[in-house]
Asks: 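Handing you a structure now.
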Amino acid sequence: MNEMVSKGVKANVITYNTILNACVKRKDFEVVTDVLRLMEKEKVEYNAATYTVLIEYFGSVGKHEEVVKLFDEMRERRVEADVHLYTSMISWHCRRGNIKRAFALFDELIEKCLVPNAHVYGALIDGLCKIGQMEAAQMLVNDMQSQGIVVNQVLVNTLLHGYFKKGMMDDALRLLAVMEKKGFEPDVFTYNIMASGMSRLKRHEEAKRWLFMMVDKRAIPNAVNFTTLIDIHCKEGNIVEAKRLFQQMQRRGERPNTVTYNALIDGYTKKGEMKDAYKLRNEMEAKGRIPDIYTYTSLVHGACNYGKVDEAVKLFNEMCQKGLVPNVVTYTAIISGLSKEGRSDEAFRLYNEMISFGHMPDQRAYSSLVGSLYTTGANSSGCK
């Protein structure tokens, strides 16, 4: 670029857009800044394509104020937005959960006689599924199909995930049956959505059947598939099979993520195998997987259940020192553990702390506190 300028070759906005687009795709953000400075120096005015590239760039790096600023600037300069620019803005609003604004732009796009593409519909449907508006999502799918746009695999998976998130298993199965009649072939993500959804509904046998079906169809399991199966076996108390799968996934070159480790750690703690749980926590840290609130909650719960309350208090304080905020399950576990040992002062202090953080205690927490009143307590713990 600099060579062109030094030789007196004047680039137009199309050239600059091509360079900007390539830099954004390569995540070469320093060069993006240099190109923008050069455009300003050469007094090259942005067109709709420039704004589209920049909006996608600033959206991807989390500079949301810049996205709004650019869109407003485009309107002030009376640059006519095309379908690509609308697609970028609608997608950005949907990712941020601002569905109302996304639909306002969609209506604007229609009013300008622009034809929405699959990406626009996909972004809106994904946004609706995330907030549980499944009827509206299905209506949009129908509208999309009436425009002759084919429902692709990503969209089917999005809808399936949305249905299961709302507990609408029958609707998910109905959709899958309809799509399979139209020639739709489930992929590894489809199988995992079905298995995970069944598992959340505690239909573990059906969940396993979906994953076994995937193997029968010669689809290669990924880390997410293995994690789902490991989680199911841990919930069933079959820690031996869960461990075997954990080892198998690593032999196949699939790296366990934090969710995988959490599933197995939770399985160990529920069986009282705390030594193995701690060992796995250390392993995940050594491999660059950072323990999260779910990791610590499982460990705290396990330690309390097996009478190791001092260990639980230590873990609770360690979690707080790392900036992790306990959830209602963590608080209930530690309160219950302290109460069983008659450490009512600590239990009540944590109860008050839980309330101050906006967590509503459940019946177990209340019962534990009442029980602790029969004995006395001493040490201190809690997030300070």
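Along the sequence shown, residues are numbered consecutively beginning with 1.
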Asks: So, N262 and D231: side-chain donor and acceptor under 3.5 Å apart, yes or no?
Replies: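 No - no donor-acceptor pair under 3.5 Å links their side chains.
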Asks: In this structure, would M168 and V178 fall into the same cluster of hydrophobic residues linked by side-chain contacts under 4.5 Å?
Replies: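 As far as the 4.5 Å side-chain criterion goes, V178 and M168 are not connected within one cluster.
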Asks: Going by heavy atoms in the side chains, are L175 and D171 under 4.5 Å from each other?
Replies: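 SC-SC contact between L175 and D171 ruled out.
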Asks: For the residue pair M134 and L128, establish whether any side-chain heavy-atom pair is separated by less than 4.5 Å.
Replies: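 When only atoms from C-beta onward are counted, L128 and M134 do not touch, as no gap falls below 4.5 Å.
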Asks: Are Y306 and I265 linked, directly or through other ILVMFWY residues, by side chains that come within less than 4.5 angstrom of each other?
Replies: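 Y306 does not cluster with I265.
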Asks: Using only heavy-atom distances, determine whether the side chains of R251 and Q247 contain a donor-acceptor pair under 3.5 Å.
Replies: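 The criterion, which ignores hydrogens and geometry beyond distance, is not satisfied for Q247 and R251.
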Asks: Please determine if K63 and E56 form a salt bridge, counting it only when a charged side-chain N lies under 4.0 Å from a carboxylate O.
Replies: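 No, this pair does not count.
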Asks: Salt-bridged, E205 to K235, with N to O below 4.0 Å?
Replies: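 No, E205 and K235 are not salt-bridged.
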Asks: Assigning hydrophobic clusters by single linkage (Ile, Leu, Val, Met, Phe, Trp, Tyr; side-chain heavy-atom cutoff under 4.5 Å), is W92 placed with V83?
Replies: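 Looking at the clustering, V83 is in the same group as W92.
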Asks: So does N327 get a backbone contact from the side chain of T330, meaning a donor-acceptor N/O pair under 3.5 Å?
Replies: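 A pair under 3.5 Å: yes.
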Asks: Decide yes or no on side-chain contact (heavy atoms from CB on, under 4.5 Å) for H161 and N157, but give the supporting numbers first.
Replies: CA-CA 6 Å; H161 188 267; N157 288 344; over 6 Å; no
Asks: Apply salt bridge (Lys or Arg N to Asp or Glu O under 4.0 Å) to the pair E311 and K314, showing each step before the final yes or no.
Replies: CA-CA 5 Å; E311 273 185 28; K314 185 181 174 184; over 6 Å; no
Asks: Out of curiosity, does L20 fall in the hydrophobic cluster containing L70 (side-chain heavy atoms, cut-off under 4.5 Å, transitive links)?
Replies: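 The answer is yes; both residues are in one hydrophobic cluster.
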Asks: Extract all donor-acceptor atom pairs below 3.5 Å that involve side chains of residues 192-202 and protein atoms in other chains or at least two apart in sequence.
Replies:
| unit_1 | atom_1 | unit_2 | atom_2 | d |
| --- | --- | --- | --- | --- |
| N192 | OD1 | N225 | N | 3.4 |
| N192 | OD1 | N225 | ND2 | 3.2 |
| N192 | OD1 | T228 | OG1 | 2.8 |
| N192 | ND2 | S196 | OG | 3.4 |
| N192 | ND2 | T228 | OG1 | 3.4 |
| S196 | OG | N192 | O | 2.9 |
| S196 | OG | T228 | OG1 | 3.3 |

Asks: For residues L155 and G122, report the shortest heavy-atom separation together with the two atoms involved.
Replies: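 Scanning both residues completely, I find the closest heavy atoms to be CD1-CA, 4.0 Å.
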Asks: Is a salt bridge present between K287 and E283, judged by a nitrogen-to-oxygen distance below 4.0 Å?
Replies: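 The answer is yes: the pair qualifies as a salt bridge.
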Asks: Using distance alone, with no hydrogens and no angle criterion, decide if Y57 and E66 have a side-chain donor and acceptor under 3.5 Å apart.
Replies: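 Their side chains do not contain a donor-acceptor pair, so the 3.5 Å distance test is not met.
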Asks: When you compare the side chains of N21 and T18, does any donor N or O come within less than 3.5 Å of an acceptor on the partner?
Replies: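 On atom types as modelled, these side chains do not qualify, holding no pair under 3.5 Å.
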Asks: Is there a salt bridge (Lys or Arg N to Asp or Glu O under 4.0 Å) between K166 and E135 once you walk through the steps?
Replies: CA-CA 11 Å; K166 288 276 287 183; E135 282 186 22; over 6 Å; no
Asks: Got a second to check how far Q321's CD is from F316's CZ, nearest 0.5 Å?
Replies: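 The CZ atom of F316 is 11.0 Å from CD of Q321, to the nearest 0.5 Å.
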Asks: Indicate yes or no: at least one non-hydrogen side-chain atom of V151 is less than 4.5 angstrom from one of V141.
Replies: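 Yes. Closest side-chain heavy atoms under 4.5 Å.
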Asks: Do the side-chain N and O atoms of Y296 and E318 include a donor-acceptor pair separated by under 3.5 angstrom?
Replies: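 There is such a pair between these side chains.
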Asks: How far apart are the C-alpha atoms of T332 and H301, what are their side-chain angles, what is the distance that settles it, and do they pass the side-chain contact (heavy atoms from CB on, under 4.5 Å) test?
Replies: CA-CA 9 Å; T332 301; H301 198 274; over 6 Å; no
Asks: Identify whether the distance between the nearest side-chain nitrogen and carboxylate oxygen of K217 and E185 falls below 4.0 Å.
Replies: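 No salt bridge links K217 with E185.
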Asks: Excluding sequence neighbours, so at least two apart, what forms side chain to side chain donor-acceptor pair (under 3.5 Å) with E180?
Replies: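 If we apply the side chain to side chain donor-acceptor pair (under 3.5 Å) test to E180, skipping adjacent residues, there are no hits.
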Asks: Between K275 and Y268, do the side chains contain a donor N or O and an acceptor N or O under 3.5 Å apart?
Replies: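 Side-chain D/A pair, Y268 to K275: absent.
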Asks: When the side chains of residues 110-119 are checked against the rest of the protein, which donor-acceptor pairs come out under 3.5 Å, sequence neighbours left out?
Replies:
| unit_1 | atom_1 | unit_2 | atom_2 | d |
| --- | --- | --- | --- | --- |
| K112 | NZ | E80 | OE2 | 3.3 |
| K112 | NZ | Y86 | OH | 3.0 |
| N117 | OD1 | H119 | N | 3.1 |
| N117 | OD1 | V120 | N | 2.9 |

Asks: Within the 4.5 Å heavy-atom criterion, are R174 and Y163 side-chain neighbours or not?
Replies: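 Not touching, per the 4.5 Å side-chain cut-off.
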Asks: When you look at D34 and R37, which way does the salt bridge (Lys or Arg N to Asp or Glu O under 4.0 Å) test go after all the steps?
Replies: CA-CA 5 Å; D34 291 340; R37 285 200 197 104; 3.2 Å; yes
Asks: According to the interplanar angle, ranging from 0 to 90°, do the rings of F106 and Y121 count as parallel (below 30°), tilted (30 to 60°) or perpendicular (above 60°)?
Replies: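 Rings of F106 and Y121: perpendicular, as their planes differ by over 60°.
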Asks: With a sphere of 6.0 Å drawn around NE2 of H359, does it hold more than 12 non-hydrogen atoms of other residues, nucleotides or ligands?
Replies: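 More than 12 heavy atoms, drawn from other residues, nucleotides or ligands, come within 6.0 Å of this atom.
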Asks: Should the pair D310-R343 be classified as a salt bridge under the 4.0 Å nitrogen-to-oxygen rule?
Replies: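 Salt bridge between D310 and R343, a charged N being under 4.0 Å from a carboxylate O: yes.
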